S.K.: 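Take this structure, written in C-alpha cells, and hold onto it; I'll ask about it next.
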Amino acid sequence: MMLDPKDFIEEAISKIKEQIGDEKAIIALSGGVDSSVCSVLVQEAIGDNLIAIFVDHGLLREGEVEEVTNTFKDRLNFNYVDASDEFLDALEGVEDPEEKRKIIGKVFIDVFEREAAKTDAKYLVQGTIAPDWIESEGKIKSHHNLALPSGMVLEVVEPIRDLYKDEVREIGLELDLPEKVVFRQPFPGPGLGVRVIGPLTRENLAICRKANKIVADEIEAAGIDKDVWQYFAVLTDSKVTGVKGDQRDFGYLVVVRIVNSVDAMTAYVPELPWEVIRKISQRITSEVSEVTHVALSISDKPPSTIEFA
Ligand code: XMP
C-alpha cells in the first residue's frame, strides 16, 4: 500500500469534490468490491449527487439482489433496476458463449443508458483498478469521455484506478463496508450466464443457481471461503444416466470448480477437504432434481480458464 488508507481516502475525497463539484454523477454498482468501494468513496465526497444504479440482469446468484440492496439502500442514493426479463428474453436459447457475452454487454449498455438519460448526470464513475488498465496495455487514459450510443457524453471518473485488489479491500474496510462485501469472491459481470453451457433458458439458469448456492453454502459453512479464490458450479449440456430411488434417471452433469489464485491470470486447484466435496455432491444430486452427476474440476489455469465459458 503506497498510502495509509485514511490518507488515501482523504485525498481521494478532495480530488473527487474538486473534479465533480456540484454536478451529478452516476455509477453502475454491481455489489462487487471495486464498484462498492468506489460508490461509497464518491458518496462521501458528493453525497446523493452520486446516483448508484444496480442492474439486475437476471443472472445473479440466489439472494444477491436482497444482499446488495440491504447493504446499500441506506448508504447510497441507491436505485435498483430489474431488467431481468429484458436480458433473459434476449438470451433465451442462445448457446454460443461469445454470443451470450455480447448480448449481455449490449443489453447492459441499453439499460444503463436509459437510466442515465433519466438523470442530468455529467460524470460516470467507474471502479477501474490498476490491473484493468495495465492488462489492456495502459491504453485507457485517466481522463476520458464516454459517448453513449444516444449521443449523451459523460466524463469518466476513476477514483481507485491506481489501486490493486488488496489495497481496494483495505480502503473498503476503512470505509466500514461489511466484510462480506470486502472479501466477496470475484463474480463475472455476465454472471451465471457464463456458468450455463449450452442453451441459456430460465429453467437452466434456475438449476445452475441452485447448484451454485449449495457450493457457496458448504464452502462457507466449512470456513474455507477465505482460503480459496473462487468456488462455483457449472451446468453442462451433457446428460448422463443415473439412478434415483429405484428409477433410472437421465439428468444433467454439473461441474464443481474451486480454485486458488492471486490475480486470476493463473489459478490452481487446491487440495480440498474431501468431506466438503462429498457433501456438495450429495446435496446437489438430492436437492436439484434435474442433476444426476456431479464432477469436480481438477484443471489449473493455464491451460484451462477459471470460468467454463
Ligand atoms: P477466466 O475464466 O478468464 O476468468 O480465467 C478470470 C477471472 O475473471 C472473471 N471473469 C469475468 N469477469 N466479466 C467479468 O467481469 C467477464 O466477462 C468475465 N469472465 C471471467 C472470472 O470469474 C475470473 O475471476
Side-chain angles (χ1 to χ4, degrees), residues 27-39 53-61 64 68 83 87 90-91 94-109 111-112 124-137 140 158 160-161 163-166 168-169 181-197 200 205 208-209 211-213 215-216 219 225-236 254-270 296-309:
I27 186 166
L29 171 69
S30 69
V33 59
D34 302 342
S35 68
S36 297
V37 166
C38 212
S39 297
I53 309 282
F54 172 47
V55 175
D56 178 358
H57 51 20
L59 305 161
L60 297 172
R61 289 163 290 186
E64 195 164 356
V68 175
F87 279 89
L91 288 164
V94 174
E95 292 192 33
D96 182 73
E98 284 309 305
E99 185 69 22
K100 287 175 192 166
R101 281 175 196 273
K102 269 188 212 141
I103 293 172
I104 296 166
K106 186 193 169 299
V107 178
F108 191 90
I109 292 173
V111 172
F112 189 73
L124 172 71
V125 179
Q126 286 187 323
T128 316
I129 66 170
D132 300 336
W133 57 271
I134 290 167
E135 277 162 28
S136 56
E137 295 163 29
I140 305 173
E158 297 172 317
I160 56 170
R161 74 185 312 272
L163 302 184
Y164 285 85
K165 205 72 160 190
D166 54 326
V168 179
R169 294 203 165 107
V181 175
V182 172
F183 295 104
R184 201 175 92 144
Q185 64 166 326
F187 184 61
L192 298 177
V194 297
R195 295 184 183 167
V196 172
I197 310 301
L200 193 55
L205 256 180
C208 179
R209 182 174 288 122
N212 269 278
K213 166 85 170 127
V215 175
I219 294 292
D225 49 306
K226 279 194 188 165
D227 303 334
V228 290
W229 173 265
Q230 269 176 291
Y231 41 97
F232 57 89
V234 177
L235 174 67
T236 74
V254 159
V255 177
V256 171
R257 184 136 169 87
I258 302 168
V259 295
N260 251 335
S261 178
V262 214
D263 53 9
M265 300 295 288
T266 59
Y268 71 94
V269 178
L296 179 67
S297 162
I298 51 168
S299 294
D300 294 340
K301 173 182 181 176
S304 305
T305 52
I306 294 177
E307 304 289 345
F308 268 40

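Positions are given from 1, in the same order as the sequence printed here. Indexing begins at 1, ligand by ligand and atom by atom, following the structure's order. Every value quoted in this text rests on a predicted model; they were computed, and no experiment measured them.
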S.K.: Is the charged tip of R169 near the ring of F183: under 6.0 Å from the six-membered ring centre and within 45° of its axis?
M.R.: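 The answer is no; the distance or angle limit is not met.
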S.K.: Which protein N or O atoms sit under 3.5 Å from any N or O of ligand 1? Give each pair with its distance.
M.R.:
residue	atom	partner	partner atom	Å
ligand 1	2 (O)	I306	N	3.3
ligand 1	2 (O)	E307	N	2.8
ligand 1	5 (O)	K301	NZ	2.6
ligand 1	5 (O)	I306	N	2.8
ligand 1	13 (N)	G189	N	3.3
ligand 1	15 (O)	G189	N	3.0
ligand 1	17 (O)	R101	NH1	2.4
ligand 1	19 (N)	R101	NH1	3.2
ligand 1	22 (O)	Q230	NE2	2.9
ligand 1	22 (O)	E307	OE2	2.5
ligand 1	24 (O)	Q230	OE1	2.8

S.K.: State, with a plain yes or no, whether a side-chain heavy atom of Q126 is found less than 4.5 Å away from one of L124.
M.R.: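 Q126 vs L124: side chains touch.
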S.K.: Verify, without hydrogens or angle tests, whether R209 (side chain) and L60 (backbone) share a donor-acceptor contact under 3.5 angstrom.
M.R.: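 Yes.
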S.K.: Okay, side chain of D34, backbone of T128: is any donor-acceptor separation there less than 3.5 Å?
M.R.: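 No, because the side chain of D34 does not come within donor-acceptor range (under 3.5 Å) of the backbone of T128.
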S.K.: Any cation-pi pair here, K301 with Y268, using under 6.0 Å and within 45°?
M.R.: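 No cation-pi geometry.
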S.K.: Are K213 and E64 close enough for a salt bridge, meaning some N to O gap below 4.0 Å?
M.R.: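 The answer is no: the pair does not qualify as a salt bridge.
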